[in-house]
2 protein chains.
Amino acid sequence: MLSKKTKYGLKALTFIAKSEGEAPVQISEISKSENIPQKFLESIMLTLRKSGFLGSKKGKHGGYYLIKEPSQIKMADVMRVLEGPIAMVPCVSLNFYEKCDDCPDEHECSVHKLMIQVRDNTLKVLRNNTLEDLSGI
Amino acid sequence: MLSKKTKYGLKALTFIAKSEGEAPVQISEISKSENIPQKFLESIMLTLRKSGFLGSKKGKHGGYYLIKEPSQIKMADVMRVLEGPIAMVPCVSLNFYEKCDDCPDEHECSVHKLMIQVRDNTLKVLRNNTLEDLSGI
DNA sequence: GTAATTCCTATTAAATCGATAGGATTAATG
DNA sequence: CATTAATCCTATCGATTTAATAGGAATTAC
């Protein structure tokens, strides 16, 4: 299941993309418009800024803005930052690989093979979709 | 992330599929061979039996056996029983649909559209793969 | 200098997950 | 019939994760 964090983050990015060209977008505005708890959203925006998707301006009339073009922001990258690994098991993760405790040899593991297929198909979608697609520009 | 429950369940089914034709397969045997905590596996096997994938025989020389041909057991169905919804958000789930709290209209939701694509591609894989594929028969 | 905003760290409450406990029931075997 | 070996069943526990909140520090516009 997608965490609320990720869902809220994607909605917030979409909201900002749609408001682009104007002044920075404020958390309070996104929070109200998208029904996201404000304090929770605050921490998510922080994460998105620290990972290079958003810039911010502090103080009055401050807020957040996109650093890259929406068409350059791949969903796969956003998901990795907010949700973590895209793969369903660590042993098939490209960016968060980990060996499984229970598998002496992962190439013998039936689950491994299946999850590689799932990963590849999920990745295809998430690499193919950018923020531009989500915001319907 | 795939839960251990699901992973163990899939491995156990694969193990039984490979041992097919002989006597019922015992939990203790699967547990040792696949490095799965026995008591935990016990509860998983119970779930798989109650949901119609496995039959069981009690008492001495008892154990579990497949009820259907491996080629007739779709991964999508096993996953739904062990893991729950395949979709990443309830609002795009075919079998576990639920409305999202934060979305007044889900057809307007950017995340919704993306997650339908992810779901469809995941389903394609999970419907296409059967226990026969996993057990490499 | 005041108001409005982001920034930062810590904390909490609830849910979920992985695993274990302890026995009840059933069946094979001698 | 007694023993052994297996599944069946319910409950519980501890650790982790998740969603959210708290409380103030720092910064900026005006």
Side-chain angles (χ1 to χ4, degrees), chain A residues 1-12 16 22-32 34-51 53-67 81-85 88-90 96 98 100-102, chain B residues 1-12 16 19 22-32 34-51 53-67 82-85 88-90 96 98 100-102:
Chain A
M1 277 285 153
L2 202 71
S3 66
K4 296 265 183 184
K5 182 178 170 190
T6 304
K7 191 184 183 197
Y8 292 161
L10 290 175
K11 282 185 144 189
I16 297 177
E22 306 153 34
V25 184
Q26 287 151 18
I27 287 177
S28 60
E29 195 187 344
I30 306 174
S31 161
K32 273 177 214 148
E34 301 292 328
N35 302 305
I36 303 172
Q38 177 154 346
K39 272 292 195 179
F40 192 15
L41 182 55
E42 218 179 290
S43 69
I44 298 168
M45 301 302 273
L46 224 42
T47 304
L48 287 172
R49 195 214 52 179
K50 286 183 178 169
S51 48
F53 294 104
L54 294 175
S56 68
K57 191 184 165 198
K58 282 191 190 177
K60 206 169 186 174
H61 300 173
Y64 289 91
Y65 49 89
L66 294 177
I67 285 192
V81 162
L82 293 176
E83 190 75 7
M88 294 191 81
V89 281
F96 300 83
E98 260 179 68
C100 296
D101 293 336
D102 53 318
Chain B
M1 278 286 152
L2 201 70
S3 66
K4 295 267 182 182
K5 183 177 168 189
T6 304
K7 191 184 183 198
Y8 292 161
L10 290 175
K11 281 184 145 190
I16 296 176
S19 323
E22 306 153 34
V25 184
Q26 288 152 19
I27 287 177
S28 61
E29 195 186 344
I30 306 174
S31 161
K32 272 177 215 149
E34 301 292 326
N35 301 305
I36 303 172
Q38 176 155 348
K39 272 293 196 179
F40 192 15
L41 182 56
E42 217 179 290
S43 68
I44 298 168
M45 300 303 272
L46 223 42
T47 305
L48 287 172
R49 195 212 50 176
K50 285 183 180 167
S51 48
F53 294 103
L54 293 176
S56 69
K57 191 186 166 198
K58 282 193 191 177
K60 206 167 186 176
H61 300 172
Y64 290 91
Y65 49 89
L66 294 177
I67 285 192
L82 294 176
E83 189 76 6
M88 295 191 80
V89 282
F96 300 83
E98 260 180 68
C100 296
D101 293 336
D102 53 316

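The model shown is predicted, which means the values in this text are computed figures rather than measured ones. Throughout, protein chains are lettered first and strands after them, A, B, ... in sequence-line order, and every chain is numbered starting at 1.
- Not one side-chain nitrogen or oxygen of A:His61 sits closer than 4.0 Å to the OP1 or OP2 atom of C:dT5.
- In this structure, B:Leu41 CG and B:Tyr8 OH are separated by 9.5 Å, a value rounded to the nearest 0.5 Å.
- Rounded to whole Å, the distance from CG on B:Leu2 to P on C:dG18 is 9 Å.
- Rounded to the nearest 0.5 angstrom, B:Leu48 CG and B:Ser56 OG are separated by 11.5 Å.
- Once rounded to the nearest 0.5 Å, the distance linking CG of B:Leu82 with OG1 of B:Thr6 reads 5.0 Å.
- Inter-residue side-chain proximity for A:Tyr64 and A:Lys57 is flagged as unmet; no heavy-atom pair is nearer than 4.5 Å.
- Taking for each of A:Ser3 and A:Lys58 the nucleotide of DNA chain D with the nearest heavy atom, the 5'-most of the two is the partner of A:Ser3.
- At C:dG18, none of the side-chain N or O atoms of B:Lys7 fall inside 4.0 Å of OP1 or OP2 (strictly under the cut-off).
- Between the NZ atom of A:Lys4 and the P atom of C:dA14 there is a distance of 17 Å, given to the nearest Å.
- Listed by residue number, A:Lys39, A:Phe40 are the residues of residues 39-50 of chain A with a heavy-atom contact under 4.0 Å to DNA chain D.
- Rounded to an integer number of Å, the gap from B:Lys60 NZ to C:dA28 P is 11 Å.
- Heavy-atom nearest nucleotides on DNA chain D were determined for A:Pro37 and for A:Gly59, and the one closer to the 5' end corresponds to A:Pro37.
- Here the side chain of B:Glu83 pairs a donor or acceptor atom with the backbone of B:Ser3 at under 3.5 angstrom.
- Proximity of A:Tyr64 to the phosphate of C:dT5: no side-chain N or O atom is located under 4.0 Å from OP1 or OP2.
- Straight-line distance from the CD atom of B:Gln38 to the C1' atom of C:dA21: 14 Å, rounded to whole Å.
- Note that CE of A:Met45 and NZ of A:Lys50 are 14.0 Å apart. Values are rounded to the nearest 0.5 Å.
- With rounding to the nearest 0.5 Å, the separation of OG1 in A:Thr47 from CG in A:Leu54 is 10.0 Å.
- With a 4.5 Å cut-off on side-chain heavy atoms, B:Lys11 and B:Ile44 do not count as touching.
- The span of DNA chain D lying next to chain A, judged by atoms under 4.0 Å from heavy atoms, is bounded 5' to 3' by D:dA19 to D:dC30.
- Between C:dC7, C:dA4, C:dA27, one nucleotide has an atom nearer to the side chain of B:Lys57 than all others, and that is C:dA27.
- Rounded to the nearest 0.5 Å, atoms OG (A:Ser31) and CD (A:Glu42) are 10.0 Å apart.
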